[in-house]
Amino acid sequence: MLLAGAAQALLLPGGVAWAAKPVLRVLAWPGYADADAVKAFEARHGVQVELTVVGSDDVLRARLADERGGGYDVVAANTVELAALRAQGALAALTPADIPQMARQLPRFRSPIPGIVHDGQVYAVPYTYSEMGLIYDRRQVPTAPSSLAALWDARWQGKVLAFDGSSHGFSLAAMAQGLPPFQIAGGQFAALARRLVALRRNLLSFYALPEEAVELFRRHQVAVMHANYGQQQLKLLRDAGLDVGYVVPREGALAWLDCWAILRRSPQQALAARWIDHLLEPAASREFTRRQGLANTLEEPTALDAAHLLGPLAWLEPVEDGARRERLWRRIIAGDRLETF
């Protein structure tokens, strides 16, 4: 009787067999998987996608470390974060044949990339990339700011936005001082923390998500913003009708390469590979670029012109002490005074 009852429980009205749909748990950044792309994948493969969106590397790390959530199957992250995950044994090695769209990618993305290739094994697939330049309101700032010092300029006090992220925050302060952004000497932290306190005092606010920054920019007539999401934010602001410009200042700009990777503990690794392949398809890649203003890995992007590319790009690298940066950052954004550092 128990077996018969169990069998009946697996039947829908009309005697059709029912089984729970496989669930793919995705951890990604804003705009990386729009609702229509998710629905198309679900319909094609008869599955359910649970998408979690993060707004900083700190939150991404916390999500991946939280065992209560049951774990994710596939994650989008930059090469530095992925290198750390690979070193922890958290990533599954990929089989390129399972992701055939990889063969369409530009040659530089099919060559070995530090952080995602190790001992001949590929652990992630490049998806998008951008520099973190300065966005400025052309009405208030008719000439493009040539230096990161614009973020600290007292003329714009209360009209500046910066990203809420410990690693990028200290790298930004280091670049502004002419120091290496990823390997800060122990004796330099106090001065850079004080510099970031001064930045906090000049800000309207820190932001996390690009849509949040658009609303703050529009509502409060922001003059200058450090664009953590780069040209994605530029497009969002222009789509909102704002007259904004974009520049890489003479000190340069941090730049990131985000990739998709599959978690080793995932029970849905084959499905995760199909997810990556789905988002790399030419139509999906072009639509991603059209909507988000971010480059894809199948086509060359429209480059910054020489008048607005004043400095070099600094591709993200592992930092000297991420935990130390995060501890100090919490104190900075909490309102600690200069004298405490």
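This one's a predicted model, so the numbers in the text were calculated from it and none came from an experiment.
A donor-acceptor distance shorter than 3.5 angstrom exists from the side chain of Thr340 to the backbone of Arg337, with no hydrogens or angles considered. Here the side chain of Arg264 pairs a donor or acceptor atom with the backbone of Gly89 at under 3.5 angstrom. Using modelled atom types, one side-chain atom of Glu320 and one backbone atom of Ile184 make a donor-acceptor pair closer than 3.5 Å. The closest donor-acceptor contact from the side chain of Gln268 to the backbone of Pro22 lies at 3.5 Å or more, if one exists at all. Between the Glu42 side chain and the Val49 main chain, a donor and an acceptor come within less than 3.5 Å of each other. Under a 3.5 Å cut-off, the side chain of His278 and the backbone N or O of Ala37 do form a donor-acceptor pair. Looking only at distances, no side-chain donor or acceptor of Asp98 sits under 3.5 Å from a matching main-chain atom of Ala273. A donor-acceptor pair under 3.5 Å is absent between the side-chain atoms of Asp153 and the main chain of Trp156, judged by distance alone. One N or O on the side chain of Asn296 and one on the backbone of Glu299 form a donor-acceptor pair closer than 3.5 Å. Side-chain N or O atoms of Gln177 include none that pairs as donor or acceptor with a backbone N or O of Ala174 at under 3.5 Å.
Surrounding CZ of Arg104 are at most 12 heavy atoms belonging to other residues, nucleotides or ligands under 6.0 Å away. When the shell of 6.0 Å around CZ of Arg201 is examined, it contains more than 12 heavy atoms from other residues, nucleotides or ligands. More than 12 heavy atoms of other residues, nucleotides or ligands lie within 6.0 Å of CZ in Arg238, so this atom counts as buried by the packing criterion.
Centroid-to-centroid, the aromatic rings of Tyr129 and Phe109 come within less than 6.0 Å. Taking the six-membered ring for Trp and the full ring otherwise, the centers of Tyr123 and Trp260 sit at least 6.0 Å from each other. Aromatic ring centres of Phe189 and Phe170: separated by under 6.0 Å.
What you find for Thr79 and Leu316 is that their closest heavy atoms are OG1-O, 4.3 Å. Closest of all the heavy-atom pairs between Leu209 and Pro30 is CD2-CG, 3.6 Å. The shortest heavy-atom contact between Cys259 and Ile116 is SG-CD1, 4.1 Å. When all heavy atoms of Asp243 and Arg138 are compared, the closest pair comes out as OD1-CD, 2.7 Å.
Between the side chains of Thr128 and Asp258, no donor-acceptor pair is found at a separation under 3.5 Å. Judged purely by distance below 3.5 Å, without hydrogens or angles, the side chains of Ser166 and Asp58 pair a donor atom with an acceptor atom. Between the side chains of Asn78 and Glu81, no donor-acceptor pair is found at a separation under 3.5 Å. Side-chain contact of Lys235 with Gln292: a donor-acceptor pair under 3.5 Å is absent, judged by distance alone. In this model, a donor atom of one side chain and an acceptor atom of the other lie less than 3.5 Å apart for Ser266 and Asp73. With no hydrogens or angles considered, no side-chain donor-acceptor pair links Asn228 and Trp256 at under 3.5 Å. A side-chain donor-acceptor contact under 3.5 Å links Glu251 and Ser147. Using modelled atom types, one finds a donor on one side chain and an acceptor on the other under 3.5 Å when comparing Gln233 with Tyr207. Side chains of Gln105 and Thr297: a donor-acceptor N/O pair is present below 3.5 angstrom, by distance only. With 3.5 Å as the limit, one finds a donor-acceptor pair spanning the side chains of Tyr246 and Glu131.
Here Arg44 pairs with Glu281 in a salt bridge; the nearest charged N to carboxylate O distance falls below 4.0 Å. With respect to Asp36 and Arg291, a salt bridge is recorded, a charged nitrogen being found less than 4.0 Å from a carboxylate O. The pair Arg290-Glu287 counts as a salt bridge, with a side-chain nitrogen and a carboxylate oxygen less than 4.0 angstrom apart.
The shortest distance between side-chain heavy atoms of Val26 and Thr52 does not fall below 4.5 Å. Side-chain contact between Leu237 and Met225 is present, with heavy atoms from C-beta onward closer than 4.5 Å. Two residues are said to be in side-chain contact when any heavy atoms from C-beta on lie closer than 4.5 Å; Leu148 and Leu134 meet this criterion. Under the 4.5 Å side-chain criterion, counting only non-hydrogen atoms from C-beta, Leu234 is in contact with Val244. Side-chain contact between Leu279 and Tyr32 is absent, with no heavy-atom pair separated by less than 4.5 Å. The shortest side-chain heavy-atom distance between Ser171 and Phe182 falls under the 4.5 Å cut-off. Residues Pro249 and Ser146 form no side-chain contact, since every pair of their non-hydrogen atoms from C-beta on lies 4.5 Å or further apart. Annotation: side chain of Val74 is not in contact with side chain of Leu27 (no heavy-atom distance under 4.5 Å).
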Evaluate the salt bridge (charged side-chain N to carboxylate O under 4.0 Å, His left out) criterion for residues Arg108 and Glu300: first the C-alpha distance (whole Å), next the side-chain angles of each, then the deciding distance (0.1 Å), finally the verdict.
-> CA-CA 11 Å; Arg108 63 177 174 276; Glu300 292 289 0; 2.9 Å; yes
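A cation-pi arrangement is absent between Arg274 and Phe41, since the terminal nitrogen or guanidinium carbon is not both under 6.0 Å from the aromatic centre and inside a 45° cone about the axis. Annotation: cation-pi pair Arg25/Tyr72 present, NZ/CZ under 6.0 Å from the ring centroid and within 45° of its normal.
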